[in-house]
Amino acid sequence: QVQLVESGGGSVQAGGSLRLSCAGSGPTFTFSSYCMGWFRQAPGKEREGVATIHGLGPTIYADSVKGRFTISKDNAKNTLFLQMNSLKPEDTAMYYCAAESSFCGPKWVSTFHSWGQGTQVTVSS
């Protein structure tokens with residue numbers, strides 16, 4: 001099982017930026033072999049996909065974050081990133097990174113097998 005640990009969350013005012021990181025590990029873990037993704041869940045709402053990046057590089061974003069968020073990774077360091085700019089109050093949620101999915105896209109939340117414990121992002125107006 002892949003182990004994932006998120007960091008970088010915090011509180012920021014609307015319009016601000018945050019950069020989330022997700023460190024992966026495991027005896028045979030390599031980012032190039034997995035679809036990786038960022039997901040979020042606000043209180044009382046279902047977990048939703050934010051962005052995914054295939055092991056070979058292609059990325060897919062949820063419509064709500066296009067143009068504001070950027071997903072990237074450093075395969076050599078086994079680290080996934082989510083750069084969040086122009087943050088809005090509706091972005092407030094617990095953010096999770098995930099790996100190992102039959103399909104690579106933010107809509108396939110239920111197919112991801114490995115999850116981190118999350119990092120909180122709070123955006124005030």
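Considering only heavy atoms from C-beta on, E6 stays 4.5 Å or farther from L20 through its side chain.
A distance of 12.0 Å separates OG1 in T59 from NE2 in H54, rounded to the nearest 0.5 Å. Going from atom SG of C97 over to atom CG of L80 covers 6.0 Å, rounded to the nearest 0.5 Å. Distance check: N75 CG to Y34 OH gives 12.5 Å after rounding to the nearest 0.5 Å. How far OG of S72 is from CZ of R19: 6.5 Å, rounded to the nearest 0.5 Å.
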Inset, instruction - Apply side-chain contact (heavy atoms from CB on, under 4.5 Å) to Q120 and T122, showing your working. - result: CA-CA 7 Å; Q120 179 68 39; T122 302; 3.5 Å; yes
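The stretch residues 87-98 participates, sequence neighbours left out, in these side-chain hydrogen bond (donor to acceptor under 3.5 Å, both in side chains) pairs: R40-D91, R40-Y95, R68-D91.
The side-chain contact (heavy atoms from CB on, under 4.5 Å) check on S124 picks up Q13, with sequence neighbours excluded. Every side-chain contact (heavy atoms from CB on, under 4.5 Å) that T70 has, sequence neighbours left out, goes to Y61, Q83. Remark: H113 pairs with E100 by the side-chain contact (heavy atoms from CB on, under 4.5 Å) rule, at least two apart or across chains. Partners of F39 by ring pair (Phe, Tyr, Trp, His ring centres under 6.0 Å), not counting sequence neighbours, listed by chain and number: F112, W115. Checked against side-chain contact (heavy atoms from CB on, under 4.5 Å), S7 has the following partners two or more places apart in sequence or in another chain: S21.
Listed here is the closest heavy atom pair of C35 and G105: SG-N, 4.4 Å. The shortest non-hydrogen separation linking A93 to A42 is CB-N, 3.9 Å. Nearest heavy atom pair, residue S125 against residue A14, reads CA-CB, 4.2 Å. The two residues L18 and G8 have their closest heavy-atom pair at CD2-O, 4.0 Å. Nearest heavy-atom pair across P106 and I60 is CD-CG2, 3.5 Å. Closest heavy-atom contact between M94 and G118: SD-C, 3.7 Å.
Both I71 and V121 are part of a single hydrophobic cluster, where members link through side-chain heavy atoms under 4.5 Å apart. Under the 4.5 Å side-chain heavy-atom criterion for ILVMFWY residues, a single connected hydrophobic cluster contains both V123 and V50. Side-chain heavy atoms closer than 4.5 Å link hydrophobic residues (I, L, V, M, F, W, Y) into clusters, and following such links, even through other members, never connects F81 to I53. Follow the hydrophobic side-chain contacts under 4.5 Å out from M84 and you reach V12 in the same cluster.
Judged by distance alone, the side chain of K77 and the main-chain N or O of A23 form no donor-acceptor pair under 3.5 Å.
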